[in-house]
Protein chains: 2
Amino acid sequence: MKRATIKDISLQIGVSTSTVSRALNDHPDISDSLKEQVKQVAKALNYHPNLMAVNLRRSRSNLIALIIPEITMFFFPSVIKGVEEVVHREGFQLLVLQSQDSLEREIQNLRVCHDHSMEGVLLSLSAESSDVNHLSELKEVGIPVVLFDKSVVQSTFDQVLINDFEVAYQAVTYLIEKGAKNIAGLFGNRNISISQERHKGFQQALADNGIDAYKAPTIFASSLQQCQAASSALLQRHKPDAFFCMSDEVAAGLYPALNAANIRIPNDCKVIAISDGNLPYFMQPTLTHLHHSGLEVGRVAAQRLIDRIKGIVKEPEVTTKILSIGIVELGSV
Amino acid sequence: MKRATIKDISLQIGVSTSTVSRALNDHPDISDSLKEQVKQVAKALNYHPNLMAVNLRRSRSNLIALIIPEITMFFFPSVIKGVEEVVHREGFQLLVLQSQDSLEREIQNLRVCHDHSMEGVLLSLSAESSDVNHLSELKEVGIPVVLFDKSVVQSTFDQVLINDFEVAYQAVTYLIEKGAKNIAGLFGNRNISISQERHKGFQQALADNGIDAYKAPTIFASSLQQCQAASSALLQRHKPDAFFCMSDEVAAGLYPALNAANIRIPNDCKVIAISDGNLPYFMQPTLTHLHHSGLEVGRVAAQRLIDRIKGIVKEPEVTTKILSIGIVELGSV
DNA sequence: ATCGTTACCGCAATCGTTTGCGGGAACGAT
DNA sequence: ATCGTTCCCGCAAACGATTGCGGTAACGAT
């Protein structure tokens, strides 16, 4: 019932625990024959090293934390997948924590990271986090942090982002090239930075094409339901010939509204979104989008973090990695 | 830079480490004034107990593992959410592992659970796991396991499931009540148990209503693309007046196929699915479904596990908790 | 002055490993 | 016979906390 320890092995064979330890770790001081014997007994006793003891001794934990606002079906599953892939390959274990978009819980989670001796932290800031001051605690004890997806301007940490402004600009420009003249914008929670940045890109693209950005119908909605309701309301007053959706989530709110108003996509109205490329294929018509690969974000961020942990990245300066985004042309434009 | 230990505090105040430890844990042997002082110094030094040491000493880890086949946008995000909710409330941390539907990786993950001294494991079996023999290792060392969603018949573990047969039966019966006479069935990976059970329920419901189940058009598809292709092919040969979809994922494959064939939902063809209730609202028309709440599954399974860990559940017998399922009537029937 | 309490606090073992250092045995060389 | 190597292996101290047991001081009571 109780798990075997190194001591059990040592007693059984009649050597010291240090010898057993060295044998199991293939230390050159130990003869091959003894190594063999030790390993056999270990197997027989179903011995597994107690990682709590090992980690305490080595003062490592082999753990990497991923803190995200919330696990929904949007975006983060792909990120987790990408992170897990890299983290697992490098021999770490992943711990997933959620901040529920609350600063308080984010701080709690960071404390957990500290307490559990995380070797590194991947963090997508909560909606309430307007700066990174609460990360100083980790910085002081030397736990590397990589921010991704959501960050703040004056960050002093490595980060993996996309250029939200640019991507939105690009999407809107694309709609204009396709002949759209009256473009509406749909955005998520107005408190999070990426909503704001994408909104700016939206406005700038309009302005650069001689369209009065302030007259463009605009919605900020924090949930699918809100978005659908707001879209329906919008359609009472305006008849846009195109929609820019900052995420596939808001696009999913828009579709039913258009349908209810008997507006056909893409004939009556074009739709474009930014998406990780899953949901767009479930929608009808399939949703043209700029492909913001969560998988890629996860991979790159995790790799960067692990490089930091291993000390491969020596420069003290932090880097901001901007991922490039491609457009996937489907049925909605 | 280095984190403060209990020793640092003891040196600073001039008491022993044991006293500091007791003071921090509000042991009655320590005077209130000293406690106050110790806590102040602890705060000043930004002291956090080293959980690796604490856990080694207490031989606990405070960790609960969740092993799932794969984090996709389907179902599991809700489960994770439910699990996290309970686990966090009870003061544990959650570790998410993926088996990629591979038995080998599932075994690897179980080893990780053992090595990291998990206090409990929540497991949704991989497609390749046809029994639970590989769980014996955990059983031997006394780590409780709760299976959920996917299990096997002769399981000797607590489990939280739905009655897949019954739910499918119920869904098909509903279609028949609504007038459907020619019902097709869409299923996922044919190797996983829930596909098989739901398929049986599908067939039985047909048979009980005097329909030849073996002539009913049936598809097993492991991905969205496969499902869409197979659906299109099916529509060349048959004109079902209703579809039973074992998951929202396959339903998402069906929709475009119906659309391409110019078949209208629900007028020309009804569709019903089993779903956790997210995706159905993004589809057009919204998808009528039997609501298999991932949130609930996660909560119940996690609570059961924690009861086991805490020893609240004393009975040696394992229990199988079957969650009830309600129907959500939306636009597709 | 002695004894008994009560209130505090320290010693040292412990959890399971790792690892620096030292030491014995065997063996060959001188 | 002595010395030097080489090859193995054990002792004991860490890692950072918890905790049973014992000990000391203060104090009042007798």
Side-chain angles (χ1 to χ4, degrees), chain A residues 1-39 41-42 45-63 112 114-119 141-143, chain B residues 1-39 41-42 45-63 111 114-119 141-143:
Chain A
M1 198 66 176
K2 232 175 92 329
R3 64 193 279 173
T5 73
I6 223 173
K7 191 171 188 178
D8 299 323
I9 303 179
S10 76
L11 288 178
Q12 186 138 129
I13 306 192
V15 295
S16 75
T17 57
S18 11
T19 302
V20 174
S21 171
R22 276 188 269 255
L24 291 172
N25 293 321
D26 275 324
H27 192 284
D29 269 6
I30 307 297
S31 66
D32 289 343
S33 61
L34 182 53
K35 277 181 189 170
E36 201 48 46
Q37 191 188 356
V38 168
K39 286 175 185 175
V41 176
L45 293 181
N46 190 26
Y47 167 78
H48 289 251
N50 183 327
L51 289 191
M52 297 194 296
V54 174
N55 292 336
L56 172 60
R57 179 57 221 242
R58 295 204 202 272
S59 58
R60 302 183 309 111
S61 71
N62 233 28
L63 256 32
V112 167
H114 185 178
D115 290 354
H116 277 271
S117 312
M118 294 295 150
E119 300 199 34
V141 295
I143 299 177
Chain B
M1 199 67 176
K2 234 176 88 326
R3 64 193 279 173
T5 73
I6 220 172
K7 192 171 187 180
D8 298 324
I9 302 179
S10 76
L11 288 178
Q12 185 137 133
I13 306 194
V15 295
S16 73
T17 58
S18 12
T19 301
V20 174
S21 170
R22 275 188 269 254
L24 292 173
N25 293 320
D26 275 324
H27 193 287
D29 269 5
I30 306 297
S31 66
D32 289 344
S33 61
L34 183 52
K35 278 181 191 169
E36 202 49 48
Q37 192 188 355
V38 168
K39 286 175 185 174
V41 175
L45 293 181
N46 190 27
Y47 167 78
H48 288 252
N50 182 327
L51 289 189
M52 297 194 295
V54 174
N55 291 337
L56 171 60
R57 178 58 219 246
R58 295 206 202 271
S59 58
R60 302 183 308 110
S61 71
N62 233 29
L63 257 30
R111 166 143 321 189
H114 185 177
D115 290 354
H116 277 270
S117 311
M118 295 293 150
E119 299 200 34
V141 294
I143 299 176

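To find a chain, count down the sequence lines: A is the first, B the second, and so on, and within it residues start at 1. Side-chain atoms are counted along with the backbone in the values below, which use heavy atoms only and exclude waters and symmetry mates.
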Participant: Got a second to check how far A:L24's CG is from A:T19's OG1, nearest 0.5 Å?
Facilitator: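 Answer rounded to 0.5 Å: 10.5 Å.
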Participant: With sequence neighbours left out, write down each residue that passes side chain to side chain donor-acceptor pair (under 3.5 Å) with B:S18, or none if nothing qualifies.
Facilitator: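 Per chain and number, B:S18 pairs via side chain to side chain donor-acceptor pair (under 3.5 Å) with B:S16.
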Participant: Nearest 0.5 Å, what's the CG-CE distance between A:L51 and B:M52?
Facilitator: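 One gets 11.0 Å once the value is rounded to the nearest 0.5 Å.
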Participant: Suppose we screen for salt bridge (charged side-chain N to carboxylate O under 4.0 Å, His left out). Which residues come up paired with A:R60, at least two apart in sequence or across chains?
Facilitator: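 Checked A:R60 against salt bridge (charged side-chain N to carboxylate O under 4.0 Å, His left out); matches are A:E119.
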Participant: So, using ring-ring contact (aromatic ring centres under 6.0 Å, His included) as the criterion, who are the partners of A:H116 when residues are at least two apart?
Facilitator: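 A:H116: no ring-ring contact (aromatic ring centres under 6.0 Å, His included) contacts found.
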Participant: What string of B, S and - do you get for nucleotides 10-17 of chain C 5' to 3' if you count protein non-hydrogen atoms under 4.0 Å?
Facilitator: BBBBBBBB
Participant: Kindly write out the residues that satisfy salt bridge (charged side-chain N to carboxylate O under 4.0 Å, His left out) with A:K39, not counting sequence neighbours, or none if the list is empty.
Facilitator: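 Listed in chain order: A:D26.
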Participant: At what distance, to the nearest 0.5 angstrom, does CG of A:L56 lie from CG of B:N50?
Facilitator: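 Output value for this atom pair is 6.0 Å.
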Participant: What is the nucleic acid contact for B:L51, judged by heavy atoms within less than 4.0 Å: base, sugar-phosphate only, or nothing?
Facilitator: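 Touches nothing.
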Participant: Output the distance between atom CD1 (B:I143) and atom CZ (A:R3), rounded to the nearest 0.5 Å.
Facilitator: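 Reported to 0.5 Å precision, the distance equals 7.0 Å.
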Participant: Need two values: the first and the last nucleotide of DNA chain D, 5' to 3', having an atom under 4.0 Å from any heavy-atom of chain B.
Facilitator: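 Boundary nucleotides touching chain B, in 5' to 3' order, are D:dG16 to D:dG20.
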